[in-house]
Participant: 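After the structure tokens below, expect a handful of questions from me.
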Amino acid sequence: MRERSGVGVVCGLLALLGALLTGCQSPSGGVAEDGRLGEQRTGGTGETVTVSPAPTRPSGYGAVFLAVGECSSFGTTSFTEVPCTGERAAARASARHDGTVRDGPRCPSTTDFVLHISEQRPASDEDGDGAVPQGYACMRNLQPPHPGDPGGGGGPRTIVGDCVYGSGDGQVRETACDGTGRREPQYKVVRAVAERADCPSPIALYVRLGGKRPVGCARPL
């Protein structure tokens with residue numbers, strides 16, 4: 001009886017030790033080196049590899065250089081990204097694209113100006129990305145004037161409502177419809193159509209607009 005009792009005590013201790021060892025094992029998700037829970041994946045060799053969750057990039061001001069809705073300081077050749085509520089804020093990005101203007105999407109029709117962003121690859125930066133790709137931001141002034149508005153006399157695009165004058169080399173250039181520009185307006189774009197035949201008469205000039213309706217129908221002023 002004593003011998004069986006002694007064996008029972010030893011078995012109980014072994015079972016308790018096994019339970020403690022089991023409780024010290026990692027959870028099924030695994031633990032990454034940084035102490036965060038990760039996901040386990042089994043590779044083709046049967047090894048279990050612990051994969052840490054991908055780090056998330058910060059959101060809001062500064063996460064992406066001049067993202068949509070963010071603001072720049074004054075200037076079109078030298079500028080910085082600034083909080084839109086700050087006193088240095090001059091214009092807001094209405095669109096932001098990588099690459100070049102020639103190869104990328106067009107800016108919104110009432111864009112006041114375009115900021116061309118050169119590629120930058122610093123050793124490190126605020127958000128840990130380490131690089132700013134080449135791109136461009138379509139900017140809209142926070143306060144008037146808005147040269148990209150119809151008749152405003154500027155902006156990267158010619159749109160319906162804009163006025164132009166002949167530059168003397170078979171080309172036309174945009175100018176303010178109210179006569180405040182360097183040159184007096186001679187023609188006004190009254191409609192955008194797919195083909196010249198779609199213009200209403202009388203039309204004195206066809207202006208290249210681009211886009212799905214690339215022909216601008218202009219009448220003399």
Side-chain angles (χ1 to χ4, degrees), residues 65-82 84 88-119 133-221:
F65 186 70
L66 276 184
V68 174
E70 293 176 353
C71 294
S72 74
S73 60
F74 294 89
T76 57
T77 57
S78 177
F79 60 93
T80 56
E81 180 182 313
V82 296
C84 291
R88 296 180 59 205
R92 189 189 307 270
S94 58
R96 169 73 159 83
H97 304 289
D98 292 338
T100 63
V101 175
R102 177 178 298 180
D103 300 328
R106 305 179 75 201
C107 283
S109 59
T110 56
T111 298
D112 287 330
F113 62 96
V114 177
L115 287 180
H116 300 269
I117 302 168
S118 301
E119 183 178 18
Q134 181 185 19
Y136 58 98
C138 309
M139 307 300 295
R140 174 85 173 168
N141 293 330
L142 295 179
Q143 301 292 335
H146 294 289
D149 283 350
R157 294 180 54 183
T158 301
I159 59 177
V160 173
D162 280 343
C163 293
V164 297
Y165 67 93
S167 60
D169 55 358
Q171 304 292 322
V172 295
R173 300 186 183 278
E174 190 176 335
T175 188
C177 288
D178 62 5
T180 58
R182 293 183 178 180
R183 298 289 299 270
E184 289 290 325
Q186 297 176 336
Y187 308 92
K188 185 172 184 177
V189 180
V190 295
R191 184 175 298 183
V193 297
E195 299 179 0
R196 291 188 176 188
D198 298 329
C199 283
S201 56
I203 291 297
L205 185 70
Y206 301 101
V207 180
R208 182 182 301 174
L209 305 181
K212 295 181 178 180
R213 292 186 294 176
V215 179
C217 314
R219 290 176 176 171
L221 293 175

Participant: Using ring pair (Phe, Tyr, Trp, His ring centres under 6.0 Å) as the criterion, list what pairs up with His146, not counting sequence neighbours.
Facilitator: none

Participant: Any sub-3.5 Å donor-acceptor pair from Ser94's side-chain atoms to Cys138's backbone N or O?
Facilitator: yes

Participant: Check Pro220 against Tyr187 and note the closest heavy-atom contact, atom names and distance.
Facilitator: CA-CD2, 3.8 Å

Participant: Walk me through whether Asp198 and Val215 qualify under side chain to side chain contact (heavy atoms under 4.5 Å, CB included).
Facilitator: CA-CA 9 Å; Asp198 298 329; Val215 179; over 6 Å; no

Participant: Where is the tightest heavy-atom contact between Pro200 and Cys217, given as atom of each residue plus distance?
Facilitator: CD-SG, 4.1 Å

Participant: Going from OG on Ser72 to CZ on Phe65, what distance comes out if it is rounded to the nearest 0.5 angstrom?
Facilitator: 8.5 Å

Participant: Determine, stepwise, if the pair His116 / Tyr136 fulfils ring-ring contact (aromatic ring centres under 6.0 Å, His included).
Facilitator: CA-CA 4 Å; His116 300 269; Tyr136 58 98; 7.1 Å; no

Participant: Taking atom OG1 of Thr100 and atom CD of Gln134, what is their separation to the nearest 0.5 Å?
Facilitator: 6.5 Å

Participant: Quick one: CD1 on Ile117 to CZ on Phe79, what's the gap to the nearest 0.5 Å?
Facilitator: 5.5 Å

Participant: Which salt bridge (charged side-chain N to carboxylate O under 4.0 Å, His left out) pairs, counting each pair once, include a residue from residues 88-112, with sequence neighbours left out?
Facilitator: Arg96-Asp98, Asp112-Arg140

Participant: Give the intermediate values and the outcome of side chain to side chain contact (heavy atoms under 4.5 Å, CB included) for residues Val114 and Met139.
Facilitator: CA-CA 6 Å; Val114 177; Met139 307 300 295; over 6 Å; no

Participant: Mind checking the CD1-CD spacing from Ile159 to Glu174? Nearest 0.5 Å is all I need.
Facilitator: 7.5 Å

Participant: Do any N or O atoms from the side chain of Ser73 and from the backbone of Thr80 form a donor-acceptor pair under 3.5 angstrom?
Facilitator: yes

Participant: Calculate, to the nearest 0.5 Å, the distance between atoms OH and CD belonging to Tyr165 and Gln186 respectively.
Facilitator: 9.0 Å

Participant: Looking only at non-hydrogen atoms, find the nearest pair between Pro185 and Gly179 and report the distance.
Facilitator: CD-CA, 4.2 Å

Participant: Among pairs that include at least one residue of residues 153-163, which meet salt bridge (charged side-chain N to carboxylate O under 4.0 Å, His left out), considering only residues two or more places apart or in two chains?
Facilitator: none

Participant: Taking all non-hydrogen atoms of both residues into account, name the closest pair between Gly161 and Cys177 and its distance.
Facilitator: O-SG, 3.5 Å

Participant: Distance check, rounded to the nearest 0.5 Å: Cys163 atom SG versus Arg183 atom CZ?
Facilitator: 14.0 Å

Participant: Verify the neighbour count for atom CZ of Arg173: are there more than 12 heavy atoms of other residues, nucleotides or ligands below 6.0 Å?
Facilitator: no

Participant: Could you pull out the closest heavy-atom pair between Ala89 and Cys71, with the gap in Å?
Facilitator: CB-CB, 4.2 Å

